[in-house]
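Notes follow once the structure below has been shown.
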Amino acid sequence: MNRPTSITLVAVLLVAAVAVPLAAATVAPNGGAQDGTADEAGNDSIAPGEQFAAAVGVQNAELEGDVSERAFGVRFASAETNETKAAVIATEVNESRQRLAELEDRLETLNESRETGEISEGRYRAEVATAVAEMRGIERRAAAAETAASEVPDRALADSGVDAEAIRTLRDRAGELGGPETAETARSIAGDDVGRSTNADPTPGGSNDGNGESQSDERADGDTGTDGAASDG
């Protein structure tokens, strides 16, 4: 990695390091989750500490997603050949796919623990909200990788073991947010904006529209995967 790239990455990481404690100090759930209008009955069982933990977890996931998205943009812009660009995309897709699988397993474990009474309803909702926020970050990263892949020849992508369809599948899978019920649980504790990017100036090639909205935000009211146009990007 050349010196300008190193400086850029250090700057991004320093911003994140400063932002995380600030988010924890001033934390409030996104989208007015504590305005008394979203799932009041469900939130009655959530202790203040669990609500705070959910808000901190969600904001940290959002910040980490933004840092990862920006870092990918820097790595891709710094790659000088189609082969190295394809390798950067392949690494991003593989890491995102692995993390998404871990989150899906985590949600399954949380559901089982909730059913057996091993964890409280508040802790369940807090951890689900954090997982959903991270899934939205993966969706944005996959969309950025998909856009970057459109600039690289198919042959170079194939040599790195990745193709546009695989990236699109990853993006759509992440955009399902573990299913409508899971997404609704996350919104009930962290608000409608859960997992939305905190970037006012999103990474070029990313999926944000300038207002920090990921493509899953277009599938309103938990309607995921029913709109063919959304799946096609």
Side-chain angles (χ1 to χ4, degrees), residues 29-46 50-51 53-55 57-62 64-65 96-143 146 165-198 207-209 211-233:
N30 288 334
Q34 289 183 326
D35 62 3
T37 62
D39 198 10
E40 291 180 355
N43 282 342
D44 286 345
S45 62
I46 300 173
E50 292 169 332
Q51 183 83 36
V58 166
Q59 290 196 5
N60 284 348
E62 291 168 350
E64 289 172 4
S96 295
R97 183 184 293 117
Q98 179 179 348
R99 183 54 184 159
L100 180 59
E102 292 171 352
L103 290 169
E104 290 170 337
D105 289 343
R106 178 60 180 157
L107 287 175
E108 183 176 351
T109 299
L110 286 170
N111 286 329
E112 293 173 354
S113 298
R114 181 197 196 189
E115 291 174 1
T116 59
E118 294 179 14
I119 61 174
S120 68
E121 180 68 15
R123 179 182 170 189
Y124 168 79
R125 288 171 176 261
E127 296 204 27
V128 164
T130 300
V132 166
E134 191 169 349
M135 282 181 165
R136 271 199 165 151
I138 292 173
E139 181 193 13
R140 295 195 304 272
R141 291 171 63 183
E146 184 179 17
E165 183 61 31
I167 301 174
R168 187 176 301 111
T169 298
L170 173 64
R171 186 201 69 193
D172 291 344
R173 183 173 144 201
E176 291 174 0
L177 306 178
E181 183 177 351
T182 298
E184 180 57 34
T185 296
R187 285 193 291 268
S188 74
I189 190 171
D192 291 341
D193 291 345
V194 58
R196 199 168 286 182
S197 174
T198 60
S207 61
N208 296 342
D209 64 359
N211 294 319
E213 294 188 6
S214 65
Q215 296 192 18
S216 63
D217 296 323
E218 299 172 2
R219 298 194 283 268
D221 299 326
D223 182 12
T224 59
T226 59
D227 186 347
S231 297
D232 292 335

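FYI, the numbering just counts along the sequence from 1. Since the structure is predicted, the reported quantities are computational estimates derived from the model, not experimental observations.
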Quick one: does Glu50's side chain get under 4.5 Å of Glu121's, heavy atoms only?
no

Nearest heavy-atom neighbours spanning Arg97 and Ala166
NH2-CB, 4.1 Å

Closest approach of Leu107 and Gly178, non-hydrogen atoms and distance?
CD1-CA, 4.1 Å

Other residues, nucleotides and ligands only: do more than 12 of their heavy atoms fall within 6.0 Å of CD on Glu181?
no

Validation row: Val128, Thr182 side chains within 4.5 angstrom (heavy atoms)
yes

Would you say that Glu127 contacts Ile119 through its side chain, given a criterion of any heavy-atom pair below 4.5 Å between the two side chains?
no

If you look at every heavy atom in Ser188 and Thr185, which pair is closest and at what distance?
OG-O, 2.6 Å

Value rounded to 0.5 Å, distance of CG in Leu170 from CD in Glu139
9.5 Å

Arg114 side chain near Leu110 side chain, heavy-atom distance below 4.5 Å
no

When rounded to the nearest 0.5 angstrom, what distance separates CZ in Arg187 from CZ in Arg125?
12.0 Å

What's the separation between atom CZ in Arg106 and atom CD in Glu134, rounded to the nearest 0.5 Å?
11.5 Å

Approximate separation, where rounding is to 0.5 Å, of Thr130 OG1 and Glu62 CD:
9.5 Å

Compare every heavy atom of Ile167 with every heavy atom of Ala142, then report the nearest pair and how far apart it is.
O-CG2, 3.3 Å

Ignoring hydrogens, what is the shortest heavy-atom contact between Ala129 and Ala186? Give both atom names and the distance.
CA-CB, 3.7 Å

Tell me, do Glu104 and Glu108 make a side-chain contact under 4.5 Å, heavy atoms counted?
no

